[in-house]
Amino acid sequence: MSIQISAAFDSGNIRVVAIEGDRVDLEIVQDHQSDFYQWFHFRVAGAAGRTLTLRILNASKSAYPFGWPGYKARWSADRQSWRMTDTDYADGVLTIRHTCQTAITWFAYFAPYSMERHHDLVSRIALAEGVTHRQLGVTLDGQPLDCLTLGEGPKQVWLYARQHPGESMAEWWMEGALEFLTDEDNAVARELRTRATFHCVPNMNPDGSLRGHLRTNAAGVNLNREWHTPTAERSPEVLAVRNAMDETGVDFAMDVHGDEAIPANFLAGFEGIPSWTDELGEKFYSFARRLAAHTPDFQTELGYDKSPPGKANLAMSTNQLAERFGAVSMTLEMPFKDHDANADPEFGWSPIRSKLLAHACLETLAGMIDEL
Ligand SMILES: [Zn+2]
């Protein structure tokens, strides 16, 4: 029987170049109207009992080729558990070797978070006591843009994820955050809800998610370069969310992402904004230090370079929100590889660890909510 490969489903992405015996040559498909690509997600049928060599031939031209060394592809037989498998990067080719034990095996850049699961999450959380759901707008492909609001406190907290749709760990994080915040038995969550009002956008980029994009929406636009001047034509997702933020104001904001290269969880702040003050900056640094003290799945040594004074890019949401609202604003980056300081050789960084990191972030926020 010959091997059959398909990516024709929610968040699927792969192109078959050639199949010769147990060797399959593949390419990742670019985001529509964009040069970005790195996200892959496909299934292999007809390979039970065979050891496949899956070669992604165009890996070197992907958005972050330095993300491949040290990276391990994820596979699943049941689409619930996603484990790492033998992967190496050499001569511009990412080679995944895997012995398939079942009729269908799934491969992905990271454990996928489907739009169906998104709708399950939003609908389930919207049923919880004290939660308000709003559809803030629609995307270029006509999908709803969901926002869940809960809590009665004066501090305005915005949590938003997946501007970059291929960073699926961001929505796993959001699932953890929403479950934490709606847990009636959790005293920390109950206390937080009296001190703050939480506005949560679990998926800023449904179109890119469904289309299997890495970084852009249906028009090939990187939403995290649109926050200075979002438009209905290019970036209705950002326009809708930013307008809603203008109505509430923002005291604390977290933009949740995944990083291809750095094998660690880290935060990026808003250094270089025109209105920077050391006092506001220290609140961000304080949050990062407390989070690192709270969980071994966070650290502050590895991360991005800081922008020099006056050089912040105000088209990026974290900078825009700090400048616009004086918010303690930050970008959380989780790894596609692993948090090496606390590595898991079987799963690497994973959905459950993303969810638990959200709990740690909110517990840390609870300890300083009155200082914002
Ligand atoms: Zn990102």
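First listed ligand is number 1; within each ligand, the first listed atom is number 1.
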Would Glu179 and Arg124 count as a salt bridge (charged side-chain N to carboxylate O under 4.0 Å, His left out) here? Give the steps. CA-CA 10 Å; Glu179 288 174 354; Arg124 171 162 60 96; 3.1 Å; yes

Ring geometry between Trp227 and Tyr160 (parallel below 30°, tilted from 30 to 60°, perpendicular above 60°): tilted

Closer than 2.8 Å to the Zn ion (ligand 1): does that hold for any N, O or S atom in Glu167? yes

Kindly work out whether a path of hydrophobic side-chain contacts (I/L/V/M/F/W/Y, heavy atoms less than 4.5 Å apart) joins Leu94 to Ile19. yes

From the list Glu175, Glu171, Glu237, salt bridge (charged side-chain N to carboxylate O under 4.0 Å, His left out) with Arg162 holds only for Glu171

Which N/O/S atom belongs to His257 and is the closest one to the Zn ion (ligand 1)? ND1

Atom nearest to the Zn ion (ligand 1) - His164, N, O or S atoms considered: ND1

